[in-house]
Every structure is written in structure tokens, then in C-alpha cells.
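This is a predicted model, so every value here is computed, not measured. Chain letters run A, B, ... following the sequence lines, proteins first, then strands; residues in each count from 1.
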2 protein chains.
Amino acid sequence: MESGSPRQSTKALLGLRDLVLSGEVEPGERLSEVVLATRLDVSRTPLRAALQRLEQEGLIEAIPSGGFAVRRFSRADVIDSIELRGVLEGTAARLAAERGVSAPRLKAMAAIVGKLDAILGGGPQALDFERYEEVNAEFHNLLAELSGSDVIRREIGRVTSLPFASPSAFINQQVDIPAFRQSLVVGQAQHKAILSAIEQREGARAEALAREHARLARQNLDFVLEEKPDLRGQVPALALLAI
Amino acid sequence: MESGSPRQSTKALLGLRDLVLSGEVEPGERLSEVVLATRLDVSRTPLRAALQRLEQEGLIEAIPSGGFAVRRFSRADVIDSIELRGVLEGTAARLAAERGVSAPRLKAMAAIVGKLDAILGGGPQALDFERYEEVNAEFHNLLAELSGSDVIRREIGRVTSLPFASPSAFINQQVDIPAFRQSLVVGQAQHKAILSAIEQREGARAEALAREHARLARQNLDFVLEEKPDLRGQVPALALLAI
DNA sequence: TTGCACTTCAATGTATACACACTCGGCAAC
DNA sequence: GTTGCCGAGTGTGTATACATTGAAGTGCAA
């Protein structure tokens, strides 16, 4: 069987995930298999596979009496998920520093940092958020790889599958506020420092920096929730949040 | 639907997990749905649910062309899984210290430590491994809870579902060797220190201690693999290992 | 003898029918 | 009026038939 595109289970998984993330089905709402199967135009079998998978991803949760419901995330969940990402990326950075990284891969990381510099250096209004988000994701993906550990890489992948735990959770055009733009500058400084620490085999520094880097997301979260609560609907990462 | 015991999917999950963990199906071996369904006396539907779940647990992996195979773990995987557990339990301990733990829960933790003392204090030959393993698991479960974070608790639960990443991975009668008994004493000292650090709100100390505590498992792993390689078959946690 | 293509087969992916448990409404008894 | 029981209905859990694809083996041709 081809594991590529034209599978119903893939269609069901992507469709269902999108339905949940976009907020079309509300947190706490029970997910009816027949309704969803009809809506996504798949049979119940691949749909159930998608439900099980999303349960493991943490987006939905099993109901004791059977079936699933959209999970309702608290602010604490979001904060702790960000903290967890920081801890895991910190570990990746520390392991990279301790175990060493080959010159070519360090060069690749430096190239990514250079690209981020170029994106940020283009002047305030020329800033391409989408492009920054893309390259930022590259940085974080490569960081996970530099750890040299498949176990760590897998784990980071799992945790960051939750939208609000993603490294790019609060990078988007919608929330174009000076405070956010500044946070990108700070974040880029941290990127450089993390790379430097890895190059110089400073494990503890690399770990601390990566943790602090993740906290940037928490700062932005706090800012949105407290200063600009009206922006909540604009940030996709917060669609599942029930404060 | 009752989510309790008499469900075919439960039967399939437990049966399949046991089949993999016991080594009855060898690492790398392809898992045939029809064969397994017959063997476990369930239909393919609940079996497929179990397969999907075990894939998420990390015990088996999907084959590109379809189906699943028993995952083959390298020594690096085991080492990194232990490291990961240390990092996560370290985070749980740090959060417990930083955020504070209620007096009753601290008391409960102290009670567990007391039970471990009693088990270890009974003299060398009276040592009840099974009981120690049980109470040790209690300690680690409560530690995860003391973090006050469902996110962290879930994550620790996931990681420690792999047999060699479990806190009790190398505690068993089979490997009754002086070095192992000594490691229990050291481990218990670390238990006390972790509790003390949490009580005194010393986050960094609590984290460092919990990390080091996990490394005890790595020491025991190294000992088995290098000093007593003939014991490999005796330790259930190593059944999946392909050095 | 070797390589390619076709055929066949086996195993997974999908759809759907059936069985049973949980829920919710109504009715009766207290 | 409230509480408890009962029955219908909805929906998930399970089984199985069918579709589809990947792989292997065989035969023919170069």
C-alpha cells in the first residue's frame, strides 16, 4: 500500500486536525463519528484511525463512556507546554554541545542564522513574517537534529505538534505589534548565542539559552492575554484555549 | 460503551504489547495482521487499533509500504531514553520546588521514602525486590504529580512506557548482584535528597538530583552490557535491544 | 545467462453491516 | 412534586467482505 497521498486515512487525519485547530468544532464538543465521516467524506474506519492519532497528539481526549471530545486547554497547559519545549530544546542544545557537532552541520546552522539576519535586517516594514516563521522553523528543526539523538528529536516533534507549543506559535502577521517585532530581535540574538554555545561546547550555557528562548513565547502569550485580549481570536495557536 | 475490561481492543492491546515486550516476536519482524488477530483471538479491527497505539508508544514502527514491524532499539536509544527521563523528572522536581507543594503531599512523599527505607533496612537477604520496585514506582509517580503540571505528568508517562526507560527498569530479582543492591542504596539516598530539595524550594538542586538519579539506570545498563552480557536475556527491559 | 515485464498472490486499506451499551425521554408510583 | 424505572434511539465497538496495492515469482526474449 502506498503510504503517500491518496489515502483516506491521510485525508481523515488532515481534515480532522484542521477541523479541530480551526475551531470549527469547539473545545469540549463531542466528536460524532458518523457526522465527521460524512463531513470529511471518508468512512468511519479511517476516521477512527485519525481520532486515535489525534488523541495521542493530545488534541482530543477519550470520553469515559466512549468516543472523543475536543480537548479544552487551560492557560496552565499552554504555559507548561512552552516550558516543556524549552526543556527539550535545551536538552537538544546541551547534547549538541556536549557530544559535538560536525563542521558542515554547524555551517548549515550558521547559514540559517544568517538568513534570519537578512530577513530581520530588511527594515521594519519590509519584514516578511511568513518567511521568518519558515526559517525560524528550520532553525528549531536543525537544533533538534544537532542533538544527535533520535529519541530527543522525536520527543520535540511530538511536543511541538501542539499549535501553541510550536516555535512559531506567536509569529504571524496578525499580531503585528512593536513588542512582538522586538521579541523577534531578541529571539535572533538568542539564536546566535545558542549556536555560539554549541560551537564552543558549552553545554550548560546552550541549555539555559534554549530554555530562555522558549520563554519568549510565554512572554508573547502573556502579552496577548493581558494587554490585547481582543487579539485572541486572531492567533491560531489560541483557538483551543479556554481561559 | 463500557471502557472497562471486557473489550476486544483492550485484549488486543495488552496481548500485542506482551507479545512484543516478551520478545516472542523479534525486533525487525513484520507484524501480520491476520496472524496476530488469529493468535490473539480478536478481529482485525481492534488489532489495528492496538497496532496504531503501540506505534505511538514507540514499540513498533510503520513500514513505508504498509503494515508495522517491531522496532529495533540501539544502545543509543536506550541511553537517550534514560537521559530523557532524567530531564523530565528533573523538570518535575524543579517545578515542584519552584511552585511549591502542599504539606499533605509532601507528607505522602515522605511516607513513600519511609517505606523504601523499611524495605532496604530489612537486611541484605531479606530484600524484597518486587516490593521495592512497586514502591519505587510510587515515588516516581508521585514525583511527576508534585510538579503540579498535567503536561509534564503526561509526558513522563509517555516516555516511561518504554520498558528500558522505566524507573524500575533494572530492579529485579534476576540480576541480583552486589553492585545492583548498592545502587538501590544510592538511589534511596537520592530519593531523600530530592524530597529535601523540594521541601526547601531548591529548584536547581532538585533538578540536578533527579537527573543524576536517572543516570543510575544508565550505570546499571552499562554494567549489564559490559560486565555481565550473559544476563541480557534475563532483563526484560533489554529484550528489544539490538546492540 | 541475465534482465525485464507480466501475472499472480498475499496483505493492508476501506467500507459497511451488525450488536450492544449508554443516554434521554416519558410514565407511573410514592 | 419528586424519584425511580423502563423503553426507544443514538452512537460506538466489532466483525467481515471487498478493493487496492506492493512484492515476488515465472516466463520469455535478448
Polar atom pairs (N or O), protein with nucleotides 16-18 of chain C, under 3.5 Å:
residue, atom, partner, partner atom, Å
C:dT16, O4, A:T45, OG1, 3.3

Let me know the distance between [atom1] of [X] and [atom2] of [N], rounded to the nearest Å.
X     : N      : atom1 : atom2 : value
B:L13 : D:dG13 : CG    : P     : 14 Å
B:L51 : C:dT14 : CG    : P     : 15 Å
B:R7  : D:dG13 : CZ    : P     : 6 Å
B:L47 : C:dT14 : CG    : P     : 16 Å
B:I63 : C:dA11 : CD1   : C1'   : 11 Å
B:I60 : C:dT12 : CD1   : C1'   : 14 Å
A:Q8  : D:dT21 : CD    : P     : 12 Å
A:Q52 : D:dG13 : CD    : C1'   : 11 Å

Counting any heavy atom closer than 4.0 Å, what does A:L31 reach on the DNA or RNA strands: base, sugar-phosphate only, or nothing? sugar-phosphate
Taking side-chain hydrogen bond (donor to acceptor under 3.5 Å, both in side chains) as the test, write out the residues that go with [X], two or more places apart.
X      : value
A:E29  : none
A:E89  : A:R85, A:H140
A:R158 : none

Terminal axis angle for the helix from C:dT1-D:dA30 to C:dC30-D:dG1, five pairs an end, nearest 10 degrees: 10°
Would you say A:N136's side chain and A:Y132's backbone share a donor-acceptor pair under 3.5 angstrom? no
Taking the side chain from B:S74 and the backbone from B:D77, do they hold a donor-acceptor pair closer than 3.5 Å?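 Side chain of B:S74 to backbone of B:D77: a pair is present.
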Let's see if you can work this out: which of D:dA15, D:dG13, C:dT14 has an atom nearest to the side-chain heavy atoms of A:R48?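 Output: D:dG13.
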From D:dA23, C:dG13, D:dA15, pick the nucleotide closest to the side chain of B:S65?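 Per side-chain heavy atoms of B:S65, the pick is D:dA23.
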[X]: what forms a salt bridge (charged side-chain N to carboxylate O under 4.0 Å, His left out) with it, not counting sequence neighbours?
X      : value
B:R99  : A:D80
A:E55  : none
B:R48  : B:E33
A:R215 : A:E83

Please enumerate all residues that pass side chain to side chain contact (heavy atoms under 4.5 Å, CB included) together with B:Q219, with sequence neighbours excluded.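 Applying side chain to side chain contact (heavy atoms under 4.5 Å, CB included) to B:Q219 gives B:L216.
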Just jot down the side chain to side chain contact (heavy atoms under 4.5 Å, CB included) partners of B:R71, sequence neighbours excluded, or say none. A:R154, B:E61, B:F73
DNA chain D contacts among residues 32-42 of chain B, heavy-atom distance under 4.0 Å: none
